[in-house]
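These notes are about the structure you will find just below.
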Amino acid sequence: MTKKKILSIIAVVILIAVLGYEQFLDNQKEDFIIEEGKKPKAATNQYFLPTSTTNQVVHHQHYSLSYSEKHEQAEWVAYELKASDLSRNNFKRPYFEIDNAVKTKAAHWRNYKNSGYDRGHLCPAGDRKFTKTAHDETFLTSNISPQKHAFNAGIWNRLEQKVRYWARKNDGVFVITGGVLENNLQTIGSENVAVPKKFYKVILDKTSSKIKMIAFLVPHKDSKLPLYKFVVSVNKIEALTGIDFFKELEDDLEERLESSSSYKNWSF
DNA sequence: CTGGTCAAC
DNA sequence: GTTGACCAG
């Protein structure tokens, strides 16, 4: 074997090792602080982000949230769901981590242990399966709320699957979701994580020429009723939460869309 | 899919 | 603290 051949083999081996190590580092990445120059997807959709009643908006690469320190959870989580985001990857569920981007300190997952409540994702892991990084990014405690298992695995799961159906059908929707955070809610854990009595989801479809909107308000208990029974106007969610959705829309259009509780433009 | 607990390392 | 097996809706 010539020296030249040996050197080229060594070069290839080194290249493979370097690439493998970079992949390893990416998989091992423990925090989700946004890297310089890597603008999060969600922030590019700033136009559709709701107002924050808590003045603490946090952007991650694949979703944004507004954290309520008082309730130790997000008042809303917002993200775009494209048809191309849906994948059949099956990543292993990692441990939940404290979201270091939340300045007031996000709650620890131990608050949920033996509480009788699920760590219910707000941005579902099932919506962020296009890469392991995107999937694992949903396992931050700023992205969960205490949910009864029957609710989470029941009607809420049905609603999340319906959103995926709409994302596939309409090729992209914008989703905002959270618990209705009120005063004097029951709490769990040493950090007093509030247990919402209702959860909401607001969905915007901007993919067709005709922009459309739909909102759901679901009591925190399982139900066998069809999902359309829980449709409400966006105005109703705003009145309950104090959050202003889509305020950048032209006023007349915003009022027309947000006052409607019709679901005739959405297929179930 | 949505999750949980437990034992073993 | 982590991992994998097993369970529930």
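Reminder, nothing fancy here: chain letters follow the sequence lines and each chain counts from 1.
- Taking the centre of each ring, A/Tyr112 and A/Phe96 stay at or above the 6.0 Å mark.
- Crowding of A/Lys129 atom NZ: a count of heavy atoms from other residues, nucleotides or ligands under 6.0 Å exceeding 12.
- Using a 4.0 Å heavy-atom criterion, one finds that A/Asp222 contacts no nucleic acid atom at all.
- Not one side-chain nitrogen or oxygen of A/Asn152 sits closer than 4.0 Å to the OP1 or OP2 atom of C/dG9.
- A/Lys206 and A/Glu80 are joined by a salt bridge, as a carboxylate oxygen and a charged side-chain nitrogen come within less than 4.0 angstrom of each other.
- Between A/Thr187 and A/Leu185 the shortest side-chain heavy-atom distance does not fall below 4.5 Å.
- In this structure, A/Arg93 atom CZ and B/dC1 atom C1' are separated by 10 Å, rounded to whole Å.
- Contacts of A/Lys224 with the nucleic acid, taken as non-hydrogen atoms under 4.0 Å apart, are absent.
- Between A/Lys148 and C/dG9 there is no side-chain N or O to OP1 or OP2 distance below 4.0 Å.
- Side-chain nitrogen and oxygen atoms of A/Arg119 include none within less than 4.0 Å of the OP1 or OP2 phosphate oxygen of B/dG3.
- Among the nucleotides B/dT2, B/dC1, B/dG3, the one closest to the side chain of A/Pro124 is B/dT2.
- Residue A/Glu160 is in sugar-phosphate contact alone, with no base atom involved, counting any heavy-atom pair closer than 4.0 Å across all strands shown.
- In this structure, A/Arg110 and A/Lys92 both approach DNA chain C, and ranking their closest nucleotides by distance from the 5' end singles out A/Arg110.
- Counting any heavy atom pair closer than 4.0 Å across all strands shown, A/Asn90 reaches sugar-phosphate atoms only and no base atom.
- Here A/Gly126 lies in heavy-atom contact (under 4.0 Å) with sugar-phosphate atoms only.
- Between A/His121 and the phosphate of B/dT2, there is no side-chain N or O to OP1/OP2 separation shorter than 4.0 Å.
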